[in-house]
There are 2 protein chains.
Amino acid sequence: MDSTALLTDHYELTMLQAALAGGTAGRRSVFELFPRRLPEGRRYGVVAGVGRALDALEAFRFDDDTLAVLDGVVDEPTLSWLADYRFSGDVWGYPEGELYFPSSPLLVVESTFAEAVLLETVLLSIYNHDSAVASAASRMTLAAGGRPCIEMGSRRTHEQAAVAAARAAYVAGFEASSNLAARRHGVPTTGTSAHSFTLLHDTEEQAFKAQVSSLGVGTTLLVDTYDVTEAVRVGIEVAGPSLGAVRLDSGDLGVLAVQVREQLDALGATRTRIIVTSDLDEFAIAALAAAPVDGYGVGTELVTGSGHPTSGFVYKLVAREGSDGELVSVAKKSVDKISVGGRKYALRRRSADGVAEAEVIGIGAAPVDDGDDRTLLVPLVRDGEIVGREPLTAARDRHAAARAELPLEAQSMAKGDPVLPTVFL
Amino acid sequence: MDSTALLTDHYELTMLQAALAGGTAGRRSVFELFPRRLPEGRRYGVVAGVGRALDALEAFRFDDDTLAVLDGVVDEPTLSWLADYRFSGDVWGYPEGELYFPSSPLLVVESTFAEAVLLETVLLSIYNHDSAVASAASRMTLAAGGRPCIEMGSRRTHEQAAVAAARAAYVAGFEASSNLAARRHGVPTTGTSAHSFTLLHDTEEQAFKAQVSSLGVGTTLLVDTYDVTEAVRVGIEVAGPSLGAVRLDSGDLGVLAVQVREQLDALGATRTRIIVTSDLDEFAIAALAAAPVDGYGVGTELVTGSGHPTSGFVYKLVAREGSDGELVSVAKKSVDKISVGGRKYALRRRSADGVAEAEVIGIGAAPVDDGDDRTLLVPLVRDGEIVGREPLTAARDRHAAARAELPLEAQSMAKGDPVLPTVFL
């Protein structure tokens, strides 16, 4: 992995320079990454990007090539210090796939000020993006019930954000992605053909024959290039009643799905599935619940967080060593942006029958587990060593389990308050 | 640059396989990248990402590492074909920084079907993202009048999207970015300190002294950690009346700016600038036009496209060789997604006094230049060789010039129709 050290804001380095010169750079410090609130109307959020953040932390090194770019940004003593930079502190965090609520302490970074302040931007970038996508994705898979959702939004977002989005969507229950680079993260990929393939051929029948001949009868034929009814007829004629699926990408999907299902059944293709795509979001998916649809392909609204393309997480200094060597809680008092100082601990309070009841945050001490609760902060980095890596499927499983614990109101697509209260102890 | 070949949707490779097997892969084809419309209410759009797209095209190669990821996606003959892939066709496009309107043919890609179909996702990703940011950024710099805008949104978006966003904002008139990696694109960077720096110190005065001592009196002091009036007083006491700037990051920025200006002037710091940050968008910037503000730092709303995080560009086959060897126009007929077939040409119609009047698109032939018009499609790739590279400052200058040509209505922040009509010839 290339160095991630430049994925940083200029002011982190100038602060470092001033702190090094002023003698405060080595003060033990605790930074916290947290949401002040959920996006408006959302019932819960989903933590994603943890694994990517750990990779980025490990690659956060100022090699010669990186330092050359910083010429003129900071002075020589600071550049020398950066050349030896290696995060040596501790990080605790909510594990990937876990849910979050207002003020959940998603990451707690403890080290010197100098080491921890540099990580602000890269950690926020990864968490803010990936969690925004996962939070939208979770609502979509919830709305889809048991029907599979496929991520298809790569073309609507930055080319690397697309890969991270595919990964985040998988954590939140999507079955697969169209993005080939997502395979590097272990995300299954899928896809068959676009309108251009049909248009390449002199007739739709020739296109279908070429596709079925090469990809097999299990393929998905795109049937809305010209006339849907005619395309379905031709598709079954070409592939036979064992055709895997047809895809609808325009028009009134609910009405069309009913028509196409009837037509397929009449043609004996009772097991041919109907996949719908075209500007779907969680509301459109929910609206199709009664339609004979077998899968949803979701693009734009997924990768743009369905109205909330960023999570609004912030990274704040909450405690630091004072001139007497003791750790003191700190917090700014800016209007509308009050932070709660102090090292945080967190657990998900659960009833005896396993239903989540509250997000409980302890300041300076861990809340007491009543016996049915779950501790939310796990070690991710210890003395600079990454200890929190896990397979992506573990995050996916965790998400499904954590979401299943929520009260039923969490399933509502309507705007509402967070489904759990946040309680500070 | 790493290979960009996996930043591609699965279906592009399965279409390729079927076209190779069916004998149509080599048909000469023309693909077009275009917007069906502008984002709702926007008067114009800004093309960005051209330089990045050319870099991505050059790095679009299936090396062994890349091919290994594709195991199981396509068959052996297709993998062999991919191993030799090298785009050998021609690309014309709107140059970077240029404006666009509904149906503007932003890219015209001419090659075999096989070569051109593979580029769909990576080209769309880059153009859709970068142009969304540039389009929002241009409205912000317009609203700011001559006051400088600084891009500070890295933390709110994917870590690599952040770098592209800084670059796109610079094209659209931003002065600088906080993102250090943007320096690789030649974007100036800037920044001084965060609240954490103040909180690191036992008193605000100690923090200001450390900052001024290390970064000089020309620095920008952040004055809203505790009490703004007190911070301004202490800041001038520490730095003297030559302090470079103060930054306000919370509260009612218009009211605060007036108070702080009066206080600074009374303290003799008449040239100390006031920089405001905190959830700014083009509307908030416009609302501060009468306030004594010297610069705007813009974050979230910039990198998320101010309500329109993606541009909605599509990449469609518009013409291809038929079985008789002739190039024929093609277009799908899907409901609500009609495309206009045929190879496009475009010019910006201008009046004799240089005011833009219309976006004129020719199908199959170039519109005639009336003498005051500007041809919009320039060669970017010729026979596979990149010919369209230019310094980023050229794109920035082009944007300023193209925007200055627009009718005055373009400056309105209110929702409205595209400021130029699109005329098909």
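Chain A is the first sequence line, chain B the second, and so forth, proteins listed ahead of strands; every chain is numbered from 1.
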Is [X] in contact with chain B via its backbone, its side chain, both, or neither, using a 4.5 Å heavy-atom distance?
| X | result |
| --- | --- |
| A/Q206 | neither |
| A/L13 | side chain |
| A/A207 | neither |
| A/D2 | side chain |
| A/F31 | side chain |
| A/F197 | both |
| A/A21 | side chain |

A/H158, A/Q160, A/R52 screened by side chain to side chain donor-acceptor pair (under 3.5 Å) with B/E159, the one that passes: A/R52
Side chain to side chain donor-acceptor pair (under 3.5 Å), paired with A/R155, selected from B/T8, B/D9, B/N128: B/D9
For [X], is it the side chain, the backbone, both, or neither that has a heavy atom closer than 4.5 Å to a heavy atom of chain A?
| X | value |
| --- | --- |
| B/T157 | backbone |
| B/T121 | both |
| B/D71 | backbone |
| B/A331 | backbone |
| B/V117 | side chain |

A/Y315 vs B/S196, side-chain contact (heavy atoms from CB on, under 4.5 Å): CA-CA, chis, key distance, verdict: CA-CA 9 Å; A/Y315 183 82; B/S196 63; over 6 Å; no
When A/D130, A/L215, A/N179 are compared by non-hydrogen pairs under 4.5 Å with chain B, the top option: A/L215
Leading residue by heavy atom contact count with chain B [cutoff under 4.5 Å; candidates A/S214, A/S29, A/G341]: A/S214
Stepwise side-chain contact (heavy atoms from CB on, under 4.5 Å) test for B/H201 and A/T24: CA-CA 7 Å; B/H201 295 81; A/T24 49; 3.5 Å; yes
Closest approach of A/H10 to B/T189 (non-hydrogen atoms, all atoms of both residues): ND1-OG1, 2.8 Å
